[in-house]
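Okay, so here's the structure we're looking at.
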Amino acid sequence: GIQVEQSPPDLILQEGANSTLRCNFSDSVNNLQWFHQNPWGQLINLFYIPSGTKQNGRLSATTVATERYSLLYISSSQTTDSGVYFCAVTSLGSGYALNFGKGTSLLVTP
Amino acid sequence: SAVISQKPSRDICQRGTSLTIQCQVDSQVTMMFWYRQQPGQSLTLIATANQGSEATYESGFVIDKFPISRPNLTFSTLTVSNMSPEDSSIYLCSVDTVPFGSGTRLTVV
């Protein structure tokens, strides 16, 4: 099946810093989503972005489908941004079932 | 988008017992998915549940261990059978597109 690789696996930032998280995938996708899982385990969808660029406040995401990668940008990070960020994709053969990367664990310190 | 309610939100169970997790959606959906997230790990698809047919299980998951029901287009259950501590995980359901339920945090002692 399709492989999803995320980098970096871990990241520590000081509050106010910016960061870029990367997601590489091994095959064509028809859906790509970014999720944030907070320290209490709640999984929140951030972006549905199979291609192009989207922005939502301090977060933005870009997917270059032809080159099989996506980037999640976090600007002016806050302690509430801490948690695990997952990239997940669906491929043509998988219907709506999501294949998840292993995630990037982010800790934002005061 | 659809709203998903999942019950129970958490449970602590004795090894050898079974737990049934319920997933209710506020609109009719074709496909429902069940995922497992082991401690410190990513999410892994257990099975796809379609109404009116048997669930389709992913490699490494079997019906005897994780029986699934899908009696209608808004409801599904996942049972974790004959539990062991290795089954301690968060179990999540999802539907056709975006949402996930809040998950069931299961601890087996």
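Remember, predicted model here, so these are calculated numbers, not experimental data. Proteins get letters first, then strands, A, B, ... in listed order; numbering begins at 1 in each.
- With hydrogens and angles left out, the side-chain atoms of Gln33(A) and Asn45(A) include a donor and acceptor closer than 3.5 Å.
- With hydrogens and angles left out, the side-chain atoms of Asn30(A) and Thr90(A) include a donor and acceptor closer than 3.5 Å.
- Gln55(A) CD to Thr62(A) OG1: the interatomic distance, rounded to the nearest 0.5 Å, is 9.5 Å.
- Annotation: residues 37-53 of chain B contacts chain A through Gln37(B), Gln41(B), Ser42(B), Leu43(B), Leu45(B) [non-hydrogen atoms, separation under 4.5 Å].
- The number of heavy atoms from other shown groups lying within 6.0 Å of CD1 (Ile44(A)) is above 12.
- The aromatic rings of Phe100(A) and Phe100(B) sit perpendicular, their planes meeting at an angle over 60°, well past the 30° parallel limit.
- No donor-acceptor contact under 3.5 angstrom links the side chains of Ser51(A) and Thr63(A), judged on distance only.
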